[in-house]
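For reference, the structure discussed in these notes is given below.
Starting from 1, each residue takes its place in the sequence as its number.
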Amino acid sequence: QRKFMLRFLRDRKTSRKIWITLACIIVPSFILWGAGSYTSGKKEAGKQFSLKLFGRNITINEFREAYQAVMFQASMQYGEKLEEIKNYINFQDQAVDRLILLEEAKHRRIRANDQEVINVIQSYGFFKKNNAFNQTLYERTLYYDLHLKPRQFEEQTRQDIIISKLYTVITNPVYATDEEAKNEYLRENEQVSMYYLTALNQDFAKDITSNEDEARKYFNQNPNSFRKPLSFNLEYLMIKTEIEDKTALNTQVEALGKKIAAKEDLNKIAADLGLELKETGLFSYGEAIPQIGWSQDIILKLNKSKHTDIIGHVIVDKAYYAIRIKERREAYIPQFEEAKTEAINASSKEKAKKIAKEKIDSCAKKLKDNFNLTPNELIQAQNYLTEFGLKSGETALFKFGSYIEGIGASSLFWNTIEALKDNEPSKTLETEDNFYIVWRKEKTPYDKEKFSKDKESFRQKVTENKKQEQFLKFLNELKKKA
């Protein structure tokens, strides 16, 4: 009977609500491990397939089915935006993650029976007509909207249930304490302000320049920091749209489109249409294109295009473009001579950073040993600041996760201030460019009554975050074993 029901469920073309409903039903672990495979690009395709997990060879069909499943989940998660970002998602890694989790579930004898699959599919309202399943509706929805065969959808659903059960097994013991719930409440609601002393790296960099030997040493110790990214030089034709004669414009654009469709050479197209063939010069992949501007459409197509391909009918800032790759330069680490100026600057910046750290550490020692000024008095003690080459200031109230004007992200400072006592200086704090010593200036009162009302919702939020962290850690350990 259960197998008959599965066959029966091979059951209006619907709108985006299908994706939203499915995305809400899929367990949080999918979003977690899917995001974990979000990378800067796809791996190379076309290589001979070879994959072994836990000592077992994975067949190409198994991998293909996992790949189709993660593509389907990406469609649910990103919807219409998938086309824009798919070049940045490593679907191969996601497919491997899925296979690893299924292998682990199999090892733990975690299964999903037919009735569980039926129950999940029956919960989807977009397969119902008159509050009951409709086989025709089911099949049409899968075919037209989800682009899946019923057997695929049902087996993917079974696997999703299995992974959901594994997620529950691994994360079930995880639970947020009252203290963790309170800390999350404070991060969302409490505001603090601070006094601070800062050693700005740029202040110490003014009179520091590394010599060539120092720069070469820094270069040899940090070669990857000088890596040049994937870059392109493009040839292009442009037709401006802001002309009065729209008939002539349409004729020229139409002619351009036909010639592109006919795969004519770009030089010939330029000559035939009286257009100037221009070059952008080399630019890094993902940056604004010189002379053209930012175009996500062009950027996403570059990785898929060959030198002979013409990327045509692209509209950027009121102009039509036909584009061809003239040069593609893969990412590489340059020789020292090519990167010498950059290495000198980086080495000089590192020396300035070291001096800044020494100055503020000396200040911190003096504060600890024999300083009795209040924080407010300290930031006005100009002779003291001059001794160490520091600057001082104070902030307005700010929340966790906000931006402090002139300083940057607030999280490090909020966490530090929250743990300090009155008039207690912090340890030296390091940001990307500067060093700080801070004191608490003000803190908004803790609203115990409000927290008491909202405690369970904060506990639930922290619990889910901890569960996802636990599951990601579990997956990473599995990947090492696999």
Side-chain angles (χ1 to χ4, degrees), residues 2-3 5-6 9 21-38 51-59 62-63 65-74 76-77 90-124 152-181 184 455-482:
R2 290 174 179 172
K3 291 183 178 179
M5 287 189 71
L6 283 178
L9 289 179
T21 304
L22 284 171
C24 291
I25 294 172
I26 296 299
V27 295
S29 58
F30 296 154
I31 292 178
L32 171 72
W33 61 269
S37 295
Y38 196 92
L51 179 63
K52 181 179 286 188
L53 297 176
F54 302 106
R56 183 175 77 83
N57 290 322
I58 302 299
T59 68
E62 287 177 297
F63 180 79
E65 289 173 0
Y67 190 89
Q68 290 171 342
V70 297
M71 285 286 290
F72 172 63
Q73 289 172 1
M76 291 189 294
Q77 186 171 346
N90 195 323
F91 292 110
Q92 293 185 15
D93 275 3
Q94 288 197 19
V96 173
D97 287 352
R98 182 180 179 91
L99 289 168
I100 289 172
L101 290 171
L102 290 171
E103 283 291 317
E104 176 65 15
K106 182 179 179 181
H107 175 72
R108 292 170 179 256
R109 298 183 179 181
I110 297 174
R111 301 180 178 88
N113 60 42
D114 290 349
Q115 188 59 54
E116 290 174 305
V117 177
I118 291 168
N119 291 342
V120 170
I121 295 177
Q122 283 180 336
S123 68
Y124 299 151
Q152 286 177 290
F153 183 71
E154 290 154 11
E155 287 310 305
Q156 285 183 18
T157 301
R158 188 188 306 276
Q159 291 175 352
D160 292 344
I161 295 170
I162 289 171
I163 296 175
S164 176
K165 288 183 176 181
L166 178 62
Y167 179 87
T168 300
V169 169
I170 300 304
T171 65
N172 193 54
V174 178
Y175 191 75
T177 64
D178 286 353
E179 188 65 23
E180 289 172 323
E184 183 65 22
K455 181 169 69 173
E456 287 310 311
S457 65
F458 280 99
R459 188 200 305 278
Q460 184 177 356
K461 179 180 179 180
V462 177
T463 296
E464 191 53 50
N465 288 339
K466 291 180 67 177
K467 284 178 180 288
Q468 292 188 4
E469 289 174 5
Q470 175 68 21
F471 195 71
L472 181 57
K473 181 180 178 181
F474 166 75
L475 174 58
N476 288 334
E477 290 300 317
L478 276 183
K479 289 165 80 169
K480 294 176 184 178
K481 296 177 183 178

Within this structure, what is the [atom1]-[atom2] distance for the pair [X] and [Y], rounded to the nearest 0.5 Å?
X	Y	atom1	atom2	answer
Asn172	Lys165	CG	NZ	14.0 Å
Asp93	Phe91	CG	CZ	11.5 Å
Thr463	Glu456	OG1	CD	9.0 Å
Asp160	Glu155	CG	CD	11.0 Å
Asn465	Gln460	CG	CD	11.0 Å

Which pair of heavy atoms, one from [X] and one from [Y], lies closest together, and at what distance?
X	Y	answer
Tyr124	Val120	OH-CG1, 3.5 Å
Leu101	Phe474	CD2-CE2, 4.3 Å
Ile100	Lys479	CD1-CG, 3.7 Å
Gln156	Arg98	O-NH2, 3.5 Å
Ala66	Leu99	CB-CG, 3.8 Å
Ala95	Phe63	CB-CE1, 3.8 Å

Donor-acceptor side-chain pairing of Gln115 and Asn119 below 3.5 angstrom: yes

Derivation of the side chain to side chain contact (heavy atoms under 4.5 Å, CB included) call for Glu104 and Val169: CA-CA 12 Å; Glu104 176 65 15; Val169 169; over 6 Å; no

Partner set under salt bridge (Lys or Arg N to Asp or Glu O under 4.0 Å) for Lys480, not counting sequence neighbours: Glu477

Kindly write out the residues that satisfy side chain to side chain contact (heavy atoms under 4.5 Å, CB included) with [X], not counting sequence neighbours, or none if the list is empty.
X	answer
Arg56	Ile58, Glu62, Glu103
Ser457	Asp454
Thr171	Tyr167, Lys467, Phe471
Ala112	Glu116, Arg158, Ile161, Ile162

Return the set of residues passing side chain to side chain donor-acceptor pair (under 3.5 Å) with [X] (not counting sequence neighbours), or none when no residue passes.
X	value
Lys466	Glu180
Asp178	Arg459
Glu184	Arg187, Lys461

Main-chain N/O of Phe153 paired to Thr157 side chain as donor or acceptor, under 3.5 Å: yes

